[in-house]
Amino acid sequence: MLKIRKVLLTMMSLLMLTAGINLSTKNVQASEKRIDTTVIDEKWGKPTFVYGGGLSESQIDNTIKLLDIEEINNVNSMPVTGEDLANYLNEGAADTSVMISSVLVQKKNSGTGVEVLIKTPENITEITEEQYTNAAITAGVSDAQILVASVSRVTGESALTGIYKAFDVNGEGLEQDRMEVAQEELETTNAIAQENQDQEGFETDRLNQAIIEIKQELADLKDQVGNLATREDIERIINDALANNQLEDYVTQEQFQRLLDLFEKYQSTSAIDSAQVKEQLKDLSEEVKNRVSGLIDQAEESRIIDRIGTFFKEVWQSIRNLFN
């Protein structure tokens with residue numbers, strides 16, 4: 001009887017441990033950020049709601065709910081269209097009817113950085129928050145809170161054009177070449193991530209971190225030598241960043257070439273000399289590293305729970321044996 005009591009006490013302790021792990025995870029997931037539309041920020045003005053031009057009136061209403069916009073009169077609203085895409089990216093006009101993803105943008109105090117939250121991750125199927133943030137910084141976006149949502153499943157690329165428009169209509173036009181490079185960055189990094197998503201051990205967050213490191217190293221090299229990196233320099237910097245993030249065995253030669261072409265263009269924009277870009281990339285790098293660390297912690301917790309489950313089975317079998 002004493003053995004049974006000890007076994008039950010041990011089981012109760014482990015159950016409490018398991019509950020604590022699950023509770024901490026739920027608390028982290030429950031902390032969700034939003035843009036307050038119940039009051040008008042007199043310093044920065046109204047948030048800007050840029051909705052996909054392909055949405056119907058009912059879909060626009062649904063998107064408003066998804067973005068937690070409580071007072072639509074306290075928000076500047078407008079569609080993003082194929083013409084906007086052509087205007088900002090110097091491309092032929094896209095089909096407005098396929099532009100579904102939408103954004104809510106609020107300018108913040110200097111030094112706040114760029115913060116992106118995808119409100120409907122189940123419907124933005126490819127682009128990650130970090131990819132949006134990284135590309136937005138390249139384009140010249142600064143100190144802004146950005147919420148992204150979609151009423152249906154989309155890849156999510158057109159949301160970046162909505163961000164450009166939100167800044168443009170508020171008198172903060174972004175440089176054409178930086179917007180074009182930012183769009184290419186988003187498409188390139190997303191393509192590499194999608195092409196490797198089924199590869200065991202590949203993590204998109206590590207690719208995001210590698211992109212940040214490449215930008216930082218290019219800027220540091222420019223500061224040191226006073227000139228842009230040579231093609232050989234860029235190749236070395238890309239290789240180093242991939243190795244630092246355990247990605248050298250995943251990126252193919254064709255994907256490497258796309259990164260090389262991208263960063264040759266990137267270093268030719270004003271982003272390479274921007275102190276603001278450097279500061280925001282530093283902040284983003286910390287966020288991505290923390291995210292990777294968090295994923296590792298979750299995996300370890302999962303392994304602990306698996307071991308506890310195995311232990312319970314063994315204990316239950318021991319109890320049954322005591323009565324047999």
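Note that these values count all heavy atoms, side chains included, but never hydrogens, waters or copies made by symmetry. The chain is numbered in sequence order, starting from 1.
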Asker: With side-chain contact (heavy atoms from CB on, under 4.5 Å) as the criterion, how do Tyr132 and Ile124 come out once you've worked through the C-alpha distance, each side chain's angles and the decisive distance to 0.1 Å?
Answerer: CA-CA 11 Å; Tyr132 279 128; Ile124 304 294; 3.8 Å; yes
Asker: Val103 vs Leu147, test: side-chain contact (heavy atoms from CB on, under 4.5 Å). Steps then yes/no.
Answerer: CA-CA 5 Å; Val103 297; Leu147 307 183; over 6 Å; no
Asker: Treating Asp68 as the side-chain partner and Arg34 as the backbone partner, does any N or O pair qualify as donor plus acceptor under 3.5 Å?
Answerer: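 Side chain of Asp68 to backbone of Arg34, a donor-acceptor pair under 3.5 Å: no, none is there.
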Asker: I'd like to know if the side chain of Asn134 pairs up with that of Lys215 as donor and acceptor (distance under 3.5 Å, no hydrogens or angles considered).
Answerer: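 The criterion, which ignores hydrogens and geometry beyond distance, is satisfied for Lys215 and Asn134.
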Asker: State plainly whether the residues Glu172 and Lys107 are in salt-bridge range, i.e. N to O under 4.0 Å.
Answerer: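 The answer is yes: the pair qualifies as a salt bridge.
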Asker: Mind checking the OG1-CE spacing from Thr81 to Met99? Nearest 0.5 Å is all I need.
Answerer: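 Thr81 atom OG1 to Met99 atom CE measures 6.5 Å (nearest 0.5 Å).
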Asker: side-chain contact (heavy atoms from CB on, under 4.5 Å) between Asp205 and Lys289: does it pass, once the steps are laid out?
Answerer: CA-CA 8 Å; Asp205 284 322; Lys289 288 177 181 177; over 6 Å; no
Asker: Would you say Leu117 and Val148 make side-chain contact, with heavy atoms under 4.5 Å?
Answerer: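 Heavy-atom side-chain distance check fails, nothing below 4.5 Å.
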Asker: Is the shortest heavy-atom distance from the side chain of Thr48 to the side chain of Met78 under 4.5 Å?
Answerer: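 Yes, close enough: below the 4.5 Å cut-off.
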Asker: Just wondering, do Trp44 and Gln106 contact through their side chains at under 4.5 Å, heavy atoms?
Answerer: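 The answer is yes, as the side chains (C-beta and beyond) meet within the 4.5 Å cut-off.
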Asker: Which value, rounded to the nearest 0.5 Å, describes the distance between Leu218 atom CG and Tyr266 atom OH?
Answerer: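 The OH atom of Tyr266 is 7.5 Å from CG of Leu218, to the nearest 0.5 Å.
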Asker: With rounding to the nearest 0.5 Å, note down the distance linking CD in Glu248 to CG in Asp240.
Answerer: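 Glu248 atom CD to Asp240 atom CG measures 10.5 Å (nearest 0.5 Å).
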Asker: Would a 4.5 Å heavy-atom cut-off, applied to side chains only, mark Leu260 and Glu235 as touching?
Answerer: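 With C-beta onward as the side chain, the pair touches.
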Asker: Side chains of Tyr164 and Leu89: does their closest heavy-atom pair fall under 4.5 Å?
Answerer: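 The answer is yes; the side chains approach within 4.5 Å.
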Asker: For Thr189 and Glu187, indicate whether the former's side chain and the latter's backbone hold a donor-acceptor pair under 3.5 Å.
Answerer: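 No; zero donor-acceptor contacts below 3.5 Å.
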Asker: Using a strict 4.0 Å threshold on nitrogen-to-oxygen distance, state whether Glu126 and Arg153 make a salt bridge.
Answerer: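 Between Arg153 and Glu126 there is no salt bridge, as every charged N stays at least 4.0 Å from the carboxylate O atoms.
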Asker: State whether Asp84 and Lys165 are salt-bridged, where the test is any N-O pair (Lys NZ or Arg NE/NH1/NH2 against Asp/Glu carboxylate O) under 4.0 Å.
Answerer: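 So Asp84 pairs with Lys165 through a salt bridge.
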Asker: Rounded to the nearest 0.5 Å, what's the gap from CD on Gln216 to NZ on Lys278? Could you check?
Answerer: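 That separation rounds to 10.5 Å.
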Asker: Decide side chain to side chain donor-acceptor pair (under 3.5 Å) for Arg178 and Ser270; before the verdict, give the C-alpha distance in whole Å, the side-chain angles of both, and the deciding distance to 0.1 Å.
Answerer: CA-CA 8 Å; Arg178 287 181 63 171; Ser270 64; 3.1 Å; yes
Asker: Restricting to non-hydrogen atoms, name the atom on Gln131 and the atom on Leu186 that form the minimum distance, rounded to 0.1 Å.
Answerer: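 For Gln131 and Leu186, the tightest heavy-atom pair comes out as O-CD1, 3.6 Å.
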Asker: Would you kindly say whether Gln276 and Gln280 are connected by a side-chain donor-acceptor distance under 3.5 Å?
Answerer: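 Absent: no donor and acceptor within the cut-off.
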Asker: Between Val151, Thr96, Asp61, which is the residue that forms a side chain to side chain contact (heavy atoms under 4.5 Å, CB included) with Leu55?
Answerer: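 Running side chain to side chain contact (heavy atoms under 4.5 Å, CB included) over Val151, Thr96, Asp61 with Leu55 returns exactly one hit, Val151.
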Asker: Identify the residue among Glu184, Glu195, Glu185 that makes a salt bridge (Lys or Arg N to Asp or Glu O under 4.0 Å) with Arg258.
Answerer: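 Of the listed options, the one satisfying the test is Glu195.
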Asker: So, Thr155 versus Glu157: side-chain donor-acceptor pair below 3.5 Å or not?
Answerer: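 Distance-only check passes for Thr155 and Glu157.
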Asker: Please walk me through it: do Ile192 and Leu259 pass side-chain contact (heavy atoms from CB on, under 4.5 Å)?
Answerer: CA-CA 9 Å; Ile192 294 173; Leu259 289 173; 3.8 Å; yes
Asker: Give the minimum heavy-atom separation between Gly54 and Gln59, together with the two atoms involved.
Answerer: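 For Gly54 and Gln59, the tightest heavy-atom pair comes out as O-OE1, 4.0 Å.
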Asker: If you round to the nearest 0.5 Å, how far is CD1 of Ile69 from OG of Ser77?
Answerer: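 Separation between the atoms: 6.5 Å.
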Asker: Identify, with sequence neighbours excluded, every residue that meets ring pair (Phe, Tyr, Trp, His ring centres under 6.0 Å) alongside Phe49.
Answerer: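 Applying ring pair (Phe, Tyr, Trp, His ring centres under 6.0 Å) to Phe49 gives Tyr51.
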Asker: Decide yes or no on side chain to side chain donor-acceptor pair (under 3.5 Å) for Thr112 and Asn109, but give the supporting numbers first.
Answerer: CA-CA 6 Å; Thr112 303; Asn109 291 332; 5.3 Å; no
Asker: Got more than 12 heavy atoms from elsewhere within 6.0 Å of CD, Glu254?
Answerer: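 More than 12 within 6.0 Å, yes.
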Asker: Side-chain contact test, heavy atoms from C-beta onward, threshold under 4.5 Å: evaluate it for Ile146 versus Glu115 and give yes or no.
Answerer: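 Not in contact.
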Asker: Counting distance only, does the side-chain N/O of Lys108 pair as donor-acceptor with the main-chain N or O of Ser142 below 3.5 Å?
Answerer: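 A pair under 3.5 Å: no.
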Asker: Considering all heavy atoms of both residues, which atom of Tyr250 and which atom of Asn196 are nearest to each other, and what is their separation?
Answerer: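 Scanning both residues completely, I find the closest heavy atoms to be O-OD1, 3.1 Å.
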Asker: When hydrophobic residues are tied together by side-chain contacts of less than 4.5 Å, even through go-betweens, does Val169 share a cluster with Ile35?
Answerer: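 Shared cluster, yes.
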Asker: Return the CG to CD1 distance between Asn239 and Ile214, rounded to the nearest 0.5 Å.
Answerer: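 The distance works out to 9.0 Å.
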Asker: Hey, mind stepping through Ser101 and Ser158 against side chain to side chain donor-acceptor pair (under 3.5 Å) and telling me if it holds?
Answerer: CA-CA 6 Å; Ser101 51; Ser158 66; 2.8 Å; yes
Asker: State, to 0.1 Å, how close Ala139 and Leu174 come at their nearest heavy-atom pair, and which atoms those are.
Answerer: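 So the two residues come closest at O-CB, 3.6 Å.
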Asker: Got a donor-acceptor contact below 3.5 angstrom from the Thr133 side chain to the Glu129 backbone?
Answerer: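 Such a contact is found between Thr133 side chain and Glu129 backbone.
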Asker: Between Leu66 and Ser150, what is the shortest heavy-atom contact and its length?
Answerer: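 Result for this residue pair: CD1-O, 3.7 Å.
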Asker: Does CD belonging to Gln257 count more than 12 external heavy atoms closer than 6.0 Å?
Answerer: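 Counting other residues, nucleotides and ligands, CD of Gln257 exceeds 12 neighbours.
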Asker: With no hydrogens and no angle check, is any side-chain donor or acceptor of Asp143 less than 3.5 Å from a backbone partner on Gly111?
Answerer: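 The answer is yes, because a donor-acceptor pair under 3.5 Å joins these two groups.
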Asker: State, with a plain yes or no, whether a side-chain heavy atom of Glu175 is found less than 4.5 Å away from one of Thr269.
Answerer: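 Result no, sub-4.5 Å side-chain heavy-atom pair not found.
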Asker: Would you call Glu264 and Ile234 a side-chain contact if the rule is heavy atoms closer than 4.5 Å?
Answerer: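 Glu264 reaches Ile234 side chain to side chain.
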Asker: Please confirm whether the backbone N or O of Val288 pairs with a side-chain atom of Gln209, one donor and one acceptor, at under 3.5 Å?
Answerer: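 No.
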Asker: So which heavy atom on Asp177 is nearest to which on Ser268, and how close?
Answerer: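 Reported closest heavy-atom pair: OD2-O, 4.4 Å.
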Asker: One pair to check against side chain to side chain donor-acceptor pair (under 3.5 Å): Asn245 and Glu213. What are the steps and the verdict?
Answerer: CA-CA 10 Å; Asn245 292 280; Glu213 290 177 10; 3.3 Å; yes
Asker: Quick one: does any side-chain atom of Thr138 pair with a main-chain N or O of Ala182 as donor and acceptor, under 3.5 Å?
Answerer: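 Here the side-chain-to-backbone pair does not exist.
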Asker: Does any N or O in the side chain of Asn87 come within less than 3.5 Å of the main-chain N or O of Glu83, such that one atom is a donor and the other an acceptor?
Answerer: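 Checking the backbone N and O of Glu83 against the side chain of Asn87, no donor-acceptor pair under 3.5 Å is found.
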Asker: Is the backbone of Asn74 close enough, under 3.5 Å, to the side chain of Thr37 for a donor and an acceptor to pair up by distance?
Answerer: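 It does not hold such a pair.
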